[in-house]
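Let me begin by presenting the structure, written as structure tokens, before commenting on it.
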Number of protein chains: 2
Amino acid sequence: MPYSSFASMPCTLSRPAALLGERWTLLLLRQIFLGTRRFEDFQATMDISRSVLTDRLNVLLQENVLKRVPYHEDGRTRHEYRLTEKGRDLYPVLMALRTWGERWMAPEEEESFQLHHRDCGGGVRAKVECTECAAELTARDVQVTARA
Amino acid sequence: MPYSSFASMPCTLSRPAALLGERWTLLLLRQIFLGTRRFEDFQATMDISRSVLTDRLNVLLQENVLKRVPYHEDGRTRHEYRLTEKGRDLYPVLMALRTWGERWMAPEEEESFQLHHRDCGGGVRAKVECTECAAELTARDVQVTARA
DNA sequence: TCCCTTGCGTTCGTTTTTCGAACTCAGCTA
DNA sequence: TAGCTGAGTTCGAAAAACGAACGCAAGGGA
């Protein structure tokens, strides 16, 4: 079972994990959520090799996480990479990573950017909750059952 | 800037993203949250090569996400891999992946396991909320500012 | 005691990925 | 026509992953 076969497992956790678990993919998504949209800018800010960048962008296009959108600059038509709705919906994944990073990987130093709720200025955090009673859940509060 | 240098970037999103963005690491964590604890069981259920499994387990031990715990079986002392508090706190990351997978990568088929809140039987989902007003947030509701 | 089994890795030669520098190409611009 | 720029593509070298075989310590049984 090669790594790639997880992409077709009947598990709604395995497939996203296999997709985002490829090298560079999470870092690429971070950059996109921070506003980067062009090939050259990804390449410059992340210092990823151009061939791997091409590959990762293509995978995300194929998965419909990103879309290519034409735009004009200096009278020329070019394309930029933007999140689809499916892509934007990955926000909780990135925020969960950051919430964890804030708690467990921030020794003294501060974060390189800050996030605030536009409406009230509050902070941002990811959490897991019950769809019925809205209680916040940890792994211990959740029962796992194999599907029938 | 090699991939590994993201592990020391002053960004609380980059570092977790680089750590969990290595191949197999997210899938390994999924398996751990599902209850797998021993080398042989990881190897058998994921079909990962033994050398890479050794490496990934060691990285997670070093990062203090996992710990080795001795246990007895057949009168012999062995060790198993278990989550630390830091590791357990990754639960929202995995649940965010799953919530996304349920919405965007579950065509007709069902998930391979189900999750329920032990207390009330409700479903489980990840979300992002404001630490002040508790509103649920999307990327559009959040303002990013570079640190001073 | 000697041999077998088990769990947990380690080694090593082969195949994939990644790297990085150079190259290509299309569409302006001078 | 020549040059520039953004967006890739190509290709040889280096790193990572693969997988089959090997190592090893701790029992158990003969």
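Keep in mind that the numbers below use all heavy atoms, side chains included, and drop hydrogens, waters and symmetry copies. Every chain is numbered from 1, with letters handed out A, B, ... down the list of sequences.
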* Contact state string [nucleotides 9-17 of chain D, B base, S sugar-phosphate only, - no protein heavy atom under 4.0 Å] -> BB------S
Can you tell me the distance, in whole Å, between the [atom1] atom of [X] and the [atom2] atom of [N]?
| X | N | atom1 | atom2 | answer |
| --- | --- | --- | --- | --- |
| A:R78 | C:dC28 | CZ | P | 9 Å |
| A:R37 | D:dG6 | CZ | C1' | 17 Å |
| B:F42 | C:dC8 | CZ | P | 10 Å |
| A:L53 | C:dC19 | CG | C1' | 13 Å |
| A:I48 | C:dT17 | CD1 | P | 15 Å |
| A:Q43 | C:dA22 | CD | C1' | 13 Å |
| A:E40 | D:dC4 | CD | P | 16 Å |

* To do: Determine the contact category for A:Y81: base if any of its heavy atoms lies under 4.0 Å from a base atom, sugar-phosphate if only primed atoms, P, OP1 or OP2 are that close, otherwise nothing.
  =>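 If one applies the 4.0 Å heavy-atom cut-off, A:Y81 turns out to touch the sugar-phosphate alone, with no base involved.
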* Among the nucleotides C:dT6, D:dA7, C:dG7, which one has an atom lying closest to any side-chain atom of B:R76? ->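 From the listed options, C:dT6 comes nearest.
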* Option among A:T25, A:L20, A:L26 that satisfies the side-chain contact (heavy atoms from CB on, under 4.5 Å) test with A:E22 ->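 Exactly one pass, corresponding to A:T25.
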* side-chain contact (heavy atoms from CB on, under 4.5 Å), paired with A:I32, selected from A:L90, A:L83, A:L27 ->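 Single pass found, and it is A:L83.
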* Pairwise side-chain contact, B:R30 with A:C11, heavy-atom cut-off 4.5 Å (strictly under) ->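 They are in contact (side-chain heavy atoms under 4.5 Å apart), so the answer is yes.
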* Asked: Is A:R38 near enough to D:dT5 that one of its side-chain N or O atoms lies under 4.0 angstrom from OP1 or OP2?
  ->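 For D:dT5, neither OP1 nor OP2 has a side-chain N or O of A:R38 closer than 4.0 Å.
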* Quick one: does B:T131's side chain have a donor or acceptor within less than 3.5 Å of a partner on A:G123's backbone? ->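 Answer holds: yes.
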* Asked: Is there a donor-acceptor pair closer than 3.5 Å between any side-chain N or O of B:R37 and the backbone N or O of B:F42?
  ->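 Not a single qualifying donor-acceptor pair exists.
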* Gap separating the CG atom of A:L19 from the CZ atom of A:R15, nearest 0.5 angstrom ->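 It is 11.0 Å, given to the nearest 0.5 Å.
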